[in-house]
Number of protein chains: 2
Amino acid sequence: MIIDCHGHYTTAPKALETWRNRQIAGLQDPAQRPKVSELTISDDEIRESIEQNQLRLMKERGNDLTLFSPRASFMAHHIGDFEVSSTWAAICNELCFRVSQLFPEHFVPVAMLPQSPGVDPKTCIPELVKCVEQYGCVGINLNPDPSGGHWKEPPLTDRWWYPIYEKMVEYDIPAMIHVSTSCNACFHTTGAHYLNADTTAFMQCVQGDLFKDFPTLRFLIPHGGGAVPYHWGRFRGLAQEMKKPLLDEHVLNNIFFDTCVYHQPGIDLLNTVIPVKNVLFASEMIGAVRGIDPTTGHYYDDTKRYIDASRILSPQDKQAIFEGNTRRVFPRLDKLLKGRGI
Amino acid sequence: MIIDCHGHYTTAPKALETWRNRQIAGLQDPAQRPKVSELTISDDEIRESIEQNQLRLMKERGNDLTLFSPRASFMAHHIGDFEVSSTWAAICNELCFRVSQLFPEHFVPVAMLPQSPGVDPKTCIPELVKCVEQYGCVGINLNPDPSGGHWKEPPLTDRWWYPIYEKMVEYDIPAMIHVSTSCNACFHTTGAHYLNADTTAFMQCVQGDLFKDFPTLRFLIPHGGGAVPYHWGRFRGLAQEMKKPLLDEHVLNNIFFDTCVYHQPGIDLLNTVIPVKNVLFASEMIGAVRGIDPTTGHYYDDTKRYIDASRILSPQDKQAIFEGNTRRVFPRLDKLLKGRGI
């Protein structure tokens, strides 16, 4: 079985974006804000948006199941206040839940949180609880920078975030550490901000001792871990200077990397330096890079091809990356699949 | 000949830091600011600080010459105003000049600029002119984020920076794009901010068309280009979506990467995906990662070993990375060496 642990609903029906644009316009005049009930998207519209896009590509590529969360760049936690984020997150999470109901064999939901800059993360707990208990979400996306490129929240190791972690531990769910749109002109969203956030989050964990407080907490760092595997020697050396334990012991029981790295040499590096047990298959399609690589004739984001072609990984390693590791890191997914006899 | 294009005077005599601390303390009370003349560092002190540190390691490792600039993390352009930065830059640049006078065979100076957040970069021109004309600096370090991790300046492709570029083109000198200390608690200086800045600067250049305006402008992106080579497929795909030319044509006539990547697999990746002509040897020693890698028994930052051990590079490639490329990217260095018959 092949599980893609990183998919977003980037192809939601246009009505969603229209509603969001009205919500944003309504920031100036709250009376103009649209009601949630004014957004109507039919099951057929959802089916079409999935069948013609993600599901079509999954079948072409041979991916069986995608962990599916709201579009990352549309989370835009910097817009409006908690109320605005809360309404928006509820709508987006419900849509992903509906996708999972319409295509239960192929999509399992992961929740976005109604974060808002400077607002206590514990305000996100009710949405998190609803998503896990009612929607069957098996994980969450946690945005370390709800300001959108201004980085005003404390580091992930700060007690500020602990209410979220306590709930994650209680539910035994991991968080993908995933920022949203950059509204800082210096940072291109998918070409800089995403990768920078991955590197930043990892280094925060190296600096801190978060996993002493939460030994079972699990973070999934997307986009192959940003710059981290490429600079693995640097991070090992920095941890050493800080008198931290070896990275294996210090963070690799708790931090995992996905395979959203869009060329063979990058995937090969990832699998050269990061232990197999810490790598989870993912493509983030249909996402930042949608084109076909003229040098290979295949989609850049068809990351399954790179894993298939790897000479570094054994068949057992590939199986772990495609399925086993993800079932281990997402125990609620494993339970769901076992319940289905898979 | 082996040229390290990325060295900082991280081992300057303690008196420098003491003077700087007094300058910073003086921000509260300008009357307390120390005079430049109150800083006295003898030639013997400089000799000792170099002979026991950089020069010792250069000899051990077989590096002949280092392009030497003031300590990057101490530039701290966010501190004080232009006047403070200006005084500080002048002091630091003069010290590197003195190093180059005391050890002309081994050190050639590169200048820091007296940048200050929000201040027009053209204010840096007089220091730049002095450093090139009087000190023989062959390049500059340009900080894309003088705020120190808050990223408030426009992207490097903005006309804001053009006065610097015009002077660089006139003098035919490259700039290393190098940030300084992070004062944003989210970003560890050497484990996140440096790498993020490298990725950010590259992506700014991909997004823009700077090199149409300045076809001969050259940027050296340190630390192996941050996350860029590891995500080369992502950047190729993003450029493609933006309808930009292929990266070779779009940016690789103007952007170069150093080899400050502290493990063999990282260096191998760099040399797998980036053309040899765009890679310049560097170690940034004695810098962020000073320890010995227990898995190899050698210094993490002894990057010459990784190039020597590369099976990807031919002897000619290695020669280009160790010397030829750097002489091409730094024509004033080439001229200096030719004048010495080298």
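So that the names make sense, note that chain A is the first sequence line, chain B the second, and so on, each numbered from 1. We use all heavy atoms of the structure for the numbers below, so side chains are in, but hydrogens, waters and symmetry mates are not.
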Is there side-chain contact between A/Q240 and B/Y300, with at least one heavy-atom pair below 4.5 Å?
yes

Is it the backbone or the side chain of A/I292 that comes under 4.5 Å from a heavy atom of chain B, or both, or neither?
backbone

Top of A/T272, A/V273, A/D293 for chain B proximity - count of heavy-atom pairs under 4.5 angstrom:
A/D293

Identify which of A/F235, A/F187, A/W232 forms the greatest number of heavy-atom pairs closer than 4.5 Å to chain B.
A/F187

Within residues 178-185 of chain A, contacts to chain B at heavy-atom distances under 4.5 Å involve A/N184, A/A185

Expected output: side-chain A/Y230 to main-chain B/G224 donor-acceptor under 3.5 Å:
yes

Best-contacting candidate, B/D145, B/D268, B/L238, against chain A by heavy atom pairs under 4.5 angstrom:
B/L238

Pairs of heavy atoms under 4.5 Å with chain B: top-ranked of A/T295, A/D198, A/V206:
A/T295

Greatest number of non-hydrogen atom pairs under 4.5 angstrom with chain A, of B/H150, B/R290, B/R236, falls to B/R236

When heavy-atom pairs shorter than 4.5 Å are enumerated against chain A, which of B/P144, B/P154, B/P294 gives the highest number?
B/P294

Bottom line for A/T157: the part with an atom under 4.5 Å from chain B's heavy atoms is neither

Enumerate by number any residue of residues 301-314 of chain B whose heavy atoms lie under 4.5 Å from heavy atoms of chain A; in the absence of such residues, state 'none'.
none

Could you tell me which non-hydrogen atom of A/V289 sits nearest to which non-hydrogen atom of B/G237, and how far apart they are?
CG1-CA, 3.6 Å

Where does A/E153 contact chain B at under 4.5 Å (heavy atoms): side chain, backbone, both or neither?
backbone

Counting only heavy atoms not in A/K277, do more than 12 fall under 6.0 Å of its NZ?
yes

So which residues of residues 241-260 of chain B are in contact with chain A at a heavy-atom cut-off of under 4.5 Å?
B/E241, B/M242, B/C260

Is there a donor-acceptor contact under 3.5 Å from the side chain of A/H231 to the main chain of B/G226?
yes

Side chain from CB out, backbone as N, CA, C, O: work out which of these in A/T200 comes under 4.5 Å of a heavy atom of chain B, or both, or neither.
both

State whether the side chain of A/Q204 and the backbone N or O of B/C186 hold a donor-acceptor pair below 3.5 Å, judged by distance alone.
yes

Neighbours of chain A found in residues 189-196 of chain B - heavy atoms under 4.5 Å
B/T190, B/G191, B/A192, B/Y194, B/L195, B/N196

Using non-hydrogen atoms and a 4.5 Å limit, figure out which bit of A/P229 sits close to chain B: side chain, backbone, both or neither.
both

When rounded to the nearest 0.5 angstrom, what distance separates OH in A/Y262 from CZ in B/R234?
5.5 Å

Heavy-atom pairs under 4.5 Å with chain B: which of A/G149, A/A201, A/A227 has the most?
A/A227

Taking all atoms of both residues into account, what is the closest heavy-atom pair of B/G266 and A/L269, and its distance?
N-CD1, 3.8 Å

